[in-house]
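Model, not experiment: these values are computed from the prediction. First listed ligand is number 1; within each ligand, the first listed atom is number 1.
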Amino acid sequence: MIIAIDGPAGAGKSSVARACAKKLGFRCLDTGAMYRAVAWLAVQQGVAVTDEESLGALARSASIVFLHDEGDPVARGITINGHDVTKAIRTPEIDKAVSPVSAAGPVREAMTEQQRRIGQGGDYVIEGRDIGTVVFPDAELKIFLTATNEERAHRRVRQNADTGVGSIDYAEVLADIIRRDEADSSRGNAPLAAAADAKLIDSTGTYIEDIIENICVLANLARADGKAR
Ligand code: DC
């Protein structure tokens, strides 16, 4: 069974996806980390973020591996071509590079193929931007998680302060969130959008625990529905 959790940056997708996966006994796939890893590789190799063909070749040949602790459905890290980039993909430099890299059609094709291959292997909570619309249009449950720009910026600042990675300047983070939403929503390839059959959840001013509980209830209903058919 696939649970797709899409939405803009900072809406709480990662925390919600991880907690739901743990509660439900599903694995969890962070597709944004895959695009970030490809962006990191492009920057390392000096490939221009506008060179779609070279980016596509890079993405197709890249070996992306999620690192899991024994028995933990949530990855603790990610490698690309053997480099552990768990922290390196969360820097402001990669925040900027990842929008154009993820807008490149050949990159999206390569990532979509890998994500489908991974997701076909079992029960997954998959978070991203186009999971319910493009990658798994038949996902049994689709969630589109949003929050106001200001709330998302505050959360990102707190998260960056906790991890010690990324900017903690509120105005800078807010501007970056708005810029990235605009880029993700207006691109021609698989833009950020809610699937017609997605459940819209606004996490502004809401306890994250309530959202997790809500999604787990929906997941159990969808699972029961699937078995009944
Ligand atoms: O979720 P995130 O902020 O780590 O995602 C990083 C970037 O990758 C984001 O700018 C949009 C892009 N992305 C995408 O285009 N499609 C996905 N399924 C996941 C992320």
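- Electrostatic pairing of D6 and R129 does not count as a salt bridge here, judged by no charged N lying under 4.0 Å from a carboxylate O.
- Protein heavy atom at the shortest distance from atom 19 (C) of ligand 1 is T31 OG1, 3.4 Å.
- With V16 as the partner, the side-chain contact (heavy atoms from CB on, under 4.5 Å) test is satisfied by one option alone out of N214, V125, I211: I211.
- By the 3.5 Å distance cut-off applied to N or O atoms, R129 is counted among the residues near ligand 1.
- Listed by atom number, the atoms of ligand 1 under 4.0 Å from D184 heavy atoms are 9 (C), 10 (O), 11 (C).
- Proximity of S203 to R155: side-chain heavy atoms (C-beta onward) are separated by under 4.5 Å at one or more points.
- The shortest separation from a heavy atom of K96 to ligand 1 is not under 4.0 Å, leaving the residue out of contact.
- For ligand 1, the atoms sitting less than 4.0 Å from at least one non-hydrogen atom of S102 are 12 (C), 15 (O), numbered in the order shown with element in parentheses.
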Please step through salt bridge (charged side-chain N to carboxylate O under 4.0 Å, His left out) for the pair R90 and D30, ending with a clear verdict.
-> CA-CA 13 Å; R90 304 288 165 192; D30 173 3; 3.3 Å; yes
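- At a cut-off of 3.5 Å, with distance as the only test, a side-chain donor of S14 or E127 sits close to an acceptor on the other residue.
- Closest to atom 16 (N) of ligand 1 among all protein heavy atoms lies R108 NH2, 2.9 Å.
- For the pair E127 and ligand 1, the shortest N or O to N or O distance does not fall below 3.5 Å.
- For ligand 1 and R90, the ligand atoms under 4.0 Å from any heavy atom of the residue are 4 (O).
- Every N/O-N/O distance between K13 and ligand 1 stays at or above 3.5 Å.
- Taking atom 18 (N) of ligand 1 as the reference point, the nearest protein heavy-atom neighbour is D130 OD1, 2.9 Å.
- Looking from atom 6 (C) of ligand 1 to the surrounding protein, the closest heavy atom is R36 NE, 3.6 Å.
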Using the salt bridge (charged side-chain N to carboxylate O under 4.0 Å, His left out) rule, take E113 and R60 through it: C-alpha gap first, then chi angles, then the decisive distance, then the call.
-> CA-CA 9 Å; E113 197 185 306; R60 280 191 297 275; over 6 Å; no
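- Here the heavy atom of the protein found nearest to atom 20 (C) of ligand 1 is G32 CA, 3.5 Å.
- In this structure, W40 and H83 have tilted ring planes: the angle between them lies in the 30° to 60° band.
- Looking at R187 next to ligand 1, an N or O pair under 3.5 Å apart turns up.
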Let me see the working for D176 and R156 under salt bridge (charged side-chain N to carboxylate O under 4.0 Å, His left out), right down to the final yes or no.
-> CA-CA 11 Å; D176 183 64; R156 215 7 92 81; over 6 Å; no
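- With I2 as reference, I126 is the one residue of L29, I126, D123 to meet the side-chain contact (heavy atoms from CB on, under 4.5 Å) rule.
- Regarding atom 10 (O) of ligand 1, its nearest protein heavy-atom neighbour is R180 NH1, 3.1 Å.
- Polar contact check, R156 against ligand 1: no nitrogen or oxygen pair lies under 3.5 Å apart.
- Under the 4.5 Å side-chain heavy-atom criterion for Ile, Leu, Val, Met, Phe, Trp and Tyr, M34 and V47 are members of the same hydrophobic cluster.
- Between Y35 and ligand 1, a contact under 3.5 Å exists for no N or O pair.
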